[in-house]
Amino acid sequence: MKRTKINLLLKLETTPGEVLVKGWVRTKRDSKKFSFMEINDGSCLKNIQVIANDDLENYPDIQTITTGTSVSVTGKLSASPGKGQKWEIQADQIEIINIAPESYPLQKKRHTDEFLRTIAHLRPRTNKYGAAFRLRSEMAFAIHKFYREKGFRYLTTPLITGSDCEGAGEMFRVTSLDPKMIEQQGKMDFKTDFFGRESSLTVSGQLSAEMFALALGDVYTFGPTFRAENSNTSRHAAEFWMLEPEMAFCDLKQNMDNAEELVKTLVRHAMDECPEDMALFSNFVDKSLPKRMDILLNTEFARVSYTQAIDILKHSKKTFDFKVDYGTDLQSEHERYLAEQYFKKPVFLTDYPKQIKPFYMRMNEDGKTVAAVDLLVPRIGELIGGSQREERLEVLEKRMKEMGLPMENYWWYLDSRKFGSVPHSGFGMGFERFLMMLTGISNIRDVIPFPRTPGSIDF
RNA sequence: UCCCCAGUAGCUCAGUUGGCAGAGCAAUUGGCUGUUAACCAAUGGGUCCGCGGUUCAAGUCCGUGCUGGGGAGCCA
């Protein structure tokens, strides 16, 4: 008999009679002559209820089943008299695949997120994390769908890189040098290393993606990135996934249009395709989720320049821990104020002073600011960072010299400005931060299957 | 790196002028009406994070270390 997943079973309008399901027991309730078992196979949030009568051959074994035990069940799919459920299975046969003993840490009741992080290998079996990672999968698909439909090409950029996307954070080194040799020599000689020079895990695929945008037009890269920042917050991880579209013949405004459309499309997709999982987050994680989704879908994101933002902050009459001055980078408290108290919705901040942004961002006509953009979202912080790139060779070179960058390392990058360069733009969006926004989950570690953070690399 | 909070049964938590530690869930056993963390009863379960100190006596007070969580900086 062919196995049917529970999500498909629950969609049936009429019973096919005999069915086969396999999954994990969520709970068992015994009476004198029979038992109820809730089985979940991960395909959806809901369980299927199985009734086992004491005339089953292995009923004494069935009575030893505990939460977590894996089973295979054949039986008749019947309309259920129980409330809140359409179908149940009257079991003909229950095979115990593997008993979960007393040491199985998950119970029927809820557990704290802190505890579940210590058993990250089992937490997908809970309702909350089952929902979180199903949704993660669906959103990854939705990103590909969005860009596919817009004619973008998916580009897989290197994870091991010799290039430094300047200003994008600390890098993890990649080396095959023997640690013992390093210790003996007291230093690392990169000429003898695998790549013949220093190499690292990538902090961004952007520079590579620009090369392809200037050939294929519109591309996106979507994959893991790595930052060796000692950031101990609920918003940071050392390994995280980033979406980075790059668009030829595109200015900053069109860049923002794409970003805003992307976010709205993804939110709509989640609500349309994952209503049960989204309802769980709304009911049990974040009561304000419906209202937040409404704002994301039905309001235009605010767009203000850095200079305007400084003005707003200075006139706010709030006392901040960090002084608000033109030319300085905004701090968390400033960004929070703008997104959460002033605009109360996502806000694009543009046109930052050139000295606080990297070399590749396009210089504005005023000579003081660059065509940069950050999208600040309430509770999340910076969800998206991007810019229009500098397409003028002389300006780019001048900027790199000002910043004291080694030009010879970027020869291939500068080549792209010599031969048919065009205005182009792009941005990076943290996938996990997007998921936090979508679910209301407040810690990035809980939207990553096996998170990597400072001091922590279990599983 | 800095600031704050915490660590007691497998899990979630009580334990206050210091006096040899409890509850719920889980587990085991028994019972039971189609239940939804079923319900009822019984039983077992503890280096009170580690190491020092104060005291006749420390889960409780003091010091130090470790681990976890929240915040700041760094930053997608």
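The chains referred to below are lettered A, B, ... by the order of the sequence lines, with proteins before strands, and numbering in each begins at 1. All values derive from a computational prediction rather than experimental measurement.
Using a 4.0 Å heavy-atom distance criterion, A/P81 is classed as a base contact. Within the 4.0 angstrom heavy-atom criterion, only backbone atoms of the sugar-phosphate kind lie near A/Q331; the bases stay farther away. Residue contacts for A/L106: at a heavy-atom cut-off of 4.0 Å it reaches no nucleic acid atom on any strand shown. Here A/D30 lies in heavy-atom contact (under 4.0 Å) with a base. Nucleic acid contact class of A/E88 (heavy atoms, under 4.0 Å, all strands): base. Using a 4.0 Å heavy-atom criterion, one finds that A/F322 contacts the sugar-phosphate atoms exclusively. Residue-level contact check: A/Q49 touches the bases, meaning some heavy atom is under 4.0 Å from a base atom. Nucleic acid contact for A/S103: none, since no nucleic acid atom lies under 4.0 Å from a heavy atom of the residue. Within 4.0 Å of A/E333, counting heavy atoms only, lies no atom of the nucleic acid at all. Residue contacts shown for A/T118 are absent, as no nucleic acid heavy atom lies under 4.0 Å away. Counting any heavy atom pair closer than 4.0 Å across all strands shown, A/N232 reaches a base atom. Within the nucleic acid shown, A/A100 has no heavy atom closer than 4.0 Å to any nucleic acid atom. At the heavy-atom level, A/T27 lies under 4.0 Å from the strands shown only through sugar-phosphate atoms. A/E102 comes within 4.0 angstrom of sugar-phosphate atoms only, judged by non-hydrogen atoms across all strands, and of no base.
By the criterion of a centre-to-centre distance under 5.5 Å and near-parallel planes under 30°, the ring of A/F36 forms no stack with the base of B/G34.
One donor-acceptor pair, N or O on each side, does fall under 3.5 Å between the base of B/G34 and the side chain of A/Q90. Looking at A/S231, its side chain comes within 3.5 Å of the base of B/C74 through a donor and an acceptor atom. Contact of A/H111 with B/C11 (side chain to base): no donor-acceptor pair of N or O atoms is detected under 3.5 Å.
Electrostatic pairing of A/R292 and A/D286 counts as a salt bridge here, judged by a charged N lying under 4.0 Å from a carboxylate O.
Taking the P atom of each, B/G24 and B/C39 are spaced 13 Å apart, rounded to whole Å. Separation of the P atoms belonging to B/U8 and B/C3 is 24 Å when rounded to the nearest angstrom. Nucleotides B/A9 and B/C4 have their P atoms positioned 27 Å apart, rounded to a whole Å. When the P atom is compared between B/G68 and B/C75, the two are found 25 Å apart, to the nearest whole Å. For the C1' atoms, the distance linking B/G45 with B/U29 amounts to 15 Å, nearest Å. Separation of the C1' atoms belonging to B/U33 and B/U67 is 50 Å when rounded to the nearest angstrom. The C1' atoms of B/C11 and B/U54 are separated by 35 Å, rounded to the nearest whole Å. Comparing the C1' positions of B/C48 and B/C61 gives a spacing of 16 Å, expressed to the nearest Å.
Dashed line: the shortest gap from a side-chain N or O of A/R29 to OP1 or OP2 of B/U35 is not under 4.0 Å. An OP1 or OP2 oxygen of B/A37 is reached within less than 4.0 angstrom by no side-chain nitrogen or oxygen of A/R110. Here A/T233 does not reach the OP1 or OP2 of B/G73: none of its side-chain N or O atoms lies under 4.0 Å away. Taking side-chain N and O atoms only, A/R445 has a distance below 4.0 Å to OP1 or OP2 of B/G69. Remark: A/S332 is in phosphate contact with B/G73, judged by side-chain N or O atoms under 4.0 Å from OP1 or OP2. When the side-chain nitrogen and oxygen atoms of A/T112 are compared with OP1 and OP2 of B/U12, one or more of them lie within a distance under 4.0 Å. Phosphate contact (OP1/OP2 of B/U36, side-chain N/O of A/R26, threshold under 4.0 Å): absent. Contact annotation: A/K32 side-chain N/O to B/C32 OP1/OP2 distance is under 4.0 Å. Contact annotation: A/N443 reaches the phosphate of B/G70 (side-chain N/O to OP1 or OP2, under 4.0 Å).
For the 3.5 Å distance criterion, the side chains of A/S31 and A/R29 fail to qualify, holding no donor opposite an acceptor.
At whole-Å resolution of the value, NZ in A/K108 and P in B/A38 are 4 Å apart. Rounded to whole Å, the distance from CE on A/M37 to P on B/A37 is 16 Å. One atom, NZ of A/K28, and another, P of B/C39, lie 15 Å apart when rounded to the nearest Å. Between A/N53 atom CG and B/U33 atom P there is a gap of 14 Å when expressed in whole angstrom units. A/E114 has its CD atom 12 Å from the P atom of B/G68, to the nearest Å. In this structure, A/F115 atom CZ and B/U8 atom C1' are separated by 16 Å, rounded to whole Å. One can place CD1 of A/I356 at 11 Å from P of B/C74, the figure rounded to the nearest angstrom. In this entry the distance linking CG of A/L116 with C1' of B/G10 reads 14 Å, nearest Å.
Distance check, rounded to the nearest 0.5 Å: CZ of A/F320 to CD of A/E333 gives 6.0 Å. Here the straight-line distance linking atom CG of A/D446 with atom CE of A/M436 works out to 8.5 Å at 0.5 Å rounding. Interatomic distance, A/Q206 CD to A/T225 OG1, rounded to the nearest 0.5 Å: 12.5 Å.
Pairing of B/G24, defined by two Watson-Crick or G-U wobble distances under 3.5 Å, is identified with B/C11. With a 3.5 Å ceiling on both atom-pair distances, B/G18 lacks any Watson-Crick or G-U wobble partner. Nucleotide B/G68 forms a Watson-Crick or G-U wobble pair with B/C5, both donor-acceptor distances falling under 3.5 Å. When Watson-Crick and G-U wobble pairs are counted only if both distances are under 3.5 Å, B/A41 pairs with B/U29.
Both A/R235 and A/S442 sit near RNA chain B, but only A/S442 has its closest nucleotide nearer the 5' end. Two residues, A/E432 and A/P105, neighbour RNA chain B, and the one matched to the more 5' nucleotide by heavy-atom proximity is A/P105.
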**Asked** Given the rule in the side chain to side chain donor-acceptor pair (under 3.5 Å) test, do A/D351 and A/S305 qualify, once you have shown the distances and angles that lead to the verdict?
**Response** CA-CA 6 Å; A/D351 303 307; A/S305 70; 5.6 Å; no
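Under the 30°/60° scheme for interplanar angles, the aromatic rings of A/F36 and A/F34 are found to stand perpendicular. Under the 30°/60° scheme for interplanar angles, the aromatic rings of A/Y342 and A/Y337 are found to be tilted.
You'll find that the side chain of A/R227 is closest to B/A76, out of B/G71, B/A76, B/G34.
Ring to ring, A/Y306 and A/Y326 are close: their centroids are under 6.0 angstrom apart. In this structure, the ring of A/H144 has its center less than 6.0 angstrom from the ring center of A/Y220.
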